[in-house]
2 protein chains.
Amino acid sequence: MGGPQTVDDVEPFLLHLFADRELLTLPWQDVLGKFIAKRRAPKVRGLYDAIGGGSPILRWTTAQGQGMVERLDALSPATAPHRFYVAFRYVAPFAEDAVRAMRADGITRAVAFSQYPQYSCTTTGSSLNELWRALEREGLEDAFEWSLIDRWPTHPGFVRAMGEAVEEGLQQYAPRERDDVLLMFSAHSLPLSVIDRGDAYPQEVGATVERVMETLGARNPYMLTYQSEVGPVRWLGPSTEEMIRRLASDQRRNVLVVPVAFTSDHIETLSEIDIEYAELAHELGLTGFRRAPSLNTRPAFLDAMADLVRGHLVSGDLHHAKYRERCPGCRNPSCRQLPSPAVEPARALAVA
Amino acid sequence: MGGPQTVDDVEPFLLHLFADRELLTLPWQDVLGKFIAKRRAPKVRGLYDAIGGGSPILRWTTAQGQGMVERLDALSPATAPHRFYVAFRYVAPFAEDAVRAMRADGITRAVAFSQYPQYSCTTTGSSLNELWRALEREGLEDAFEWSLIDRWPTHPGFVRAMGEAVEEGLQQYAPRERDDVLLMFSAHSLPLSVIDRGDAYPQEVGATVERVMETLGARNPYMLTYQSEVGPVRWLGPSTEEMIRRLASDQRRNVLVVPVAFTSDHIETLSEIDIEYAELAHELGLTGFRRAPSLNTRPAFLDAMADLVRGHLVSGDLHHAKYRERCPGCRNPSCRQLPSPAVEPARALAVA
């Protein structure tokens, strides 16, 4: 998605977001989307002000890309040198910017690597569709050979990095309290209308949570909740906020929130969890409300990113088995494309 | 849950089911539950008539128990002899019958082993709560030392057995079609009100599906859907029936339904999938609609059951880390108990 780098970028960011029919549909979207974006902008500017004046997501994504390609060059010299390009959905650098830069650099083989571990049509789907459209708009449909890393909810390195982050989060509690801390894995929610059409997101998030808990070997109780629901439609639950309220009324003291569907800090961790939910929790007496760190540039996560790409190149796969499978009844013409699939199996290169 | 063995058992089965406030809550449940049970009975009797006059679930459960204890005696001679007792929730043998028989046989150490791989308060939770209440009613609170196998969504042996069943299901298609068959993992749905209070079921079902697909190594597209929703409340989707309709309208031909949240045949496989959904699918032109076999007495599944119990005994665990964690805000006084927990760690016995 990206995030506004300065408070001046907030309104254009929201305008792009509310215009995206693959993220959400509104009646008279061109008009109503603009209206909502403009009305929300002042409030959202305030939220960004409170976390330092902008989103750190470009900084984190760039550092992640850098850490990943350094490792990849060492892991897979046959496919080196590797380069990374950032394509955000609602703020620069856009997909256009990325493909233009790739063209200028003489790139011919490209892997579209979604930074959402779990697939949803509203996030990875929308971003990939926009990438294909951007190639068309730029006349670069045939400029690159593509393959996709479209989901990686249970990649062992990712799960290991998540386990490290949980362990680190638990260090914030006294040793005698640590084993009883409730781990509240929190993922961004989706409207039920998206779930009901067959979106893979909840099953993939569930798989991540269960795998992290198995690998962790921790004895802690845990649950999966969904955050950030807005507007009048019904969203997938249980709601993180509602669960915080109920846990407080149960006299629960220690809750560690673990962001499970984003890999770097952004408004939903720094503002929604760290400020909004934390204030609510403390007001309600849930005094041991803490958050596990986001993955950001954790070395184990950079290792995981490099391993994901290396494994993908060695496999010769064009995408995950589920990528080609549209949600039943989907009529979005952009969906599940793969223009100019990589013809030369990367396998030969990677193991050469 | 159990199932009516003859059509005459249908009405008492439904009366028990609609009286269970841990499964569902109704206004004036004593009156309305009876009314609904009596009104539904004729239709449900018809469904059982169409699958041979009764549920095969006691037969399957007994055969599974027999296969399990035979294997356990060989796997874990230090804890032998092992015996099994069946406790259904809505039809005999009830929990009372089981604990009375255990007492008569001189049993002292007991493992309550839920036959639902994934935990829900409405299924495993309700059955365990009823077990604890039955012990009280019988004055047997202190007669046995208990531990629990309350969930096992990603047990490797279970996942392997599921993989075998999928492979066998795929054998129903011509070899050239096989890799493109859509695997539709179908689980019993739950009302959203249950999901919203923090039930672990969807994340555990999702984890099973993802693990089976990883282990299978199959390239097939797949999805997770939810079946058997009834009544006016909103249920967790996507709906199996709705997805069948949409897949048919997408001109999809080959869909293999894989029951993922039950381990033996019962009305939801033999009637709902094999008759109701199959008829719908064929009417709509989805001519390659098939079902993967239920686990029933598949040797790999009996091996898994024995391995689950052996692993549980060796671990010395009383239950899964999540068992003690009530859904936030839960006020059910029966919930998450463990009367007379096993004090003697079974570990010593099992590895002796």
Side-chain angles (χ1 to χ4, degrees), chain A residues 118 153-154 179-180 182-185 192-211 213-214 218-226 234-239 242-250 252 255 317 320-331, chain B residues 118 153-154 179-180 182-185 192-211 213-214 218-226 234-239 242-250 252 255 317 320-331:
Chain A
Q118 304 91 4
T154 56
D179 288 352
D180 294 321
L182 174 68
L183 306 178
M184 186 182 236
F185 290 87
L192 284 177
S193 55
V194 174
I195 305 301
D196 285 348
R197 68 188 188 216
D199 204 89
Y201 182 75
Q203 81 203 56
E204 296 187 8
V205 176
T208 300
V209 171
E210 293 297 318
R211 193 70 66 94
M213 287 309 301
E214 278 168 36
R219 312 294 304 156
N220 295 71
Y222 65 96
M223 65 184 306
L224 168 57
T225 61
Y226 291 93
R234 197 157 170 185
W235 292 65
L236 180 64
S239 143
E242 176 62 20
M243 292 299 105
I244 290 169
R245 292 181 188 280
R246 294 194 191 182
L247 288 163
S249 82
D250 288 346
R252 172 67 76 165
V255 173
D317 288 343
H320 188 278
K322 260 184 96 64
Y323 178 69
R324 279 294 197 185
E325 190 62 30
R326 282 160 171 269
C327 299
C330 171
R331 296 284 174 267
Chain B
Q118 304 92 4
T154 56
D179 287 351
D180 294 321
L182 174 68
L183 306 178
M184 187 182 236
F185 290 87
L192 284 176
S193 55
V194 175
I195 304 301
D196 285 347
R197 67 189 188 215
D199 204 88
Y201 182 75
Q203 81 202 57
E204 296 187 8
V205 176
T208 301
V209 171
E210 292 297 318
R211 193 70 65 93
M213 287 309 301
E214 279 168 35
R219 312 294 304 157
N220 294 71
Y222 64 97
M223 64 183 307
L224 167 58
T225 61
Y226 291 94
R234 197 159 170 185
W235 292 65
L236 180 64
S239 143
E242 176 62 19
M243 291 300 105
I244 290 170
R245 291 180 189 281
R246 294 194 191 183
L247 288 163
S249 83
D250 288 346
R252 171 70 75 167
V255 172
D317 289 344
H320 188 278
K322 261 183 96 65
Y323 177 70
R324 278 293 196 185
E325 191 62 30
R326 282 161 171 270
C327 298
C330 172
R331 297 283 174 268

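In what follows, chains are A, B, ... by sequence order, proteins preceding strands, each numbered from 1. Keep in mind it's a predicted model, so treat the numbers as computed, not measured.
Using a 4.5 Å cut-off between heavy atoms, B:Arg245 does not touch chain A at all. Interface residue B:Leu182: only side-chain heavy atoms are found under 4.5 Å from chain A. In this structure, chain B has no heavy atom under 4.5 Å from any part of A:Arg324.
Ranking A:Leu192, A:Leu236, A:Thr208, A:Asn220 against chain B, the residue ahead of the rest is A:Leu192, based on heavy-atom pairs under 4.5 Å. For the options A:Ala200, A:Cys330, A:Pro221, heavy-atom pairs under 4.5 Å to chain B are most numerous at A:Pro221. Comparing B:Arg211, B:Met243, B:Arg197, B:Arg219 by how many heavy-atom pairs each has under 4.5 Å with chain A, the most go to B:Arg211.
Residues A:Glu214 and B:Thr154 bring a donor and an acceptor atom of their side chains to less than 3.5 Å of each other.
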| task | Take A:Asp250 and B:Arg326, measure what side chain to side chain contact (heavy atoms under 4.5 Å, CB included) needs, and give me the verdict at the end. | result | CA-CA 10 Å; A:Asp250 288 346; B:Arg326 282 161 171 270; 5.8 Å; no
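Nearest approach of B:Ile195 to A:Pro238, heavy atoms of both residues: O-CD, 3.5 Å. Nearest heavy atoms, B:Ala207 versus A:Gly206: CB-O, 4.3 Å. Contact detail for B:Arg331 and A:Ser249: the closest heavy-atom pair is NH2-OG, 3.6 Å.
Under the 4.0 Å criterion applied to side-chain N and carboxylate O atoms, B:Lys322 and A:Glu210 are not assigned as salt-bridge partners.
With A:Pro328 as the fixed residue, the side chain to side chain contact (heavy atoms under 4.5 Å, CB included) test singles out one of B:Met184, B:Met223, B:Arg252, B:Glu242: B:Met223.
To the nearest 0.5 Å, atoms CG (B:Leu247) and CD (A:Glu325) are separated by 7.0 Å.
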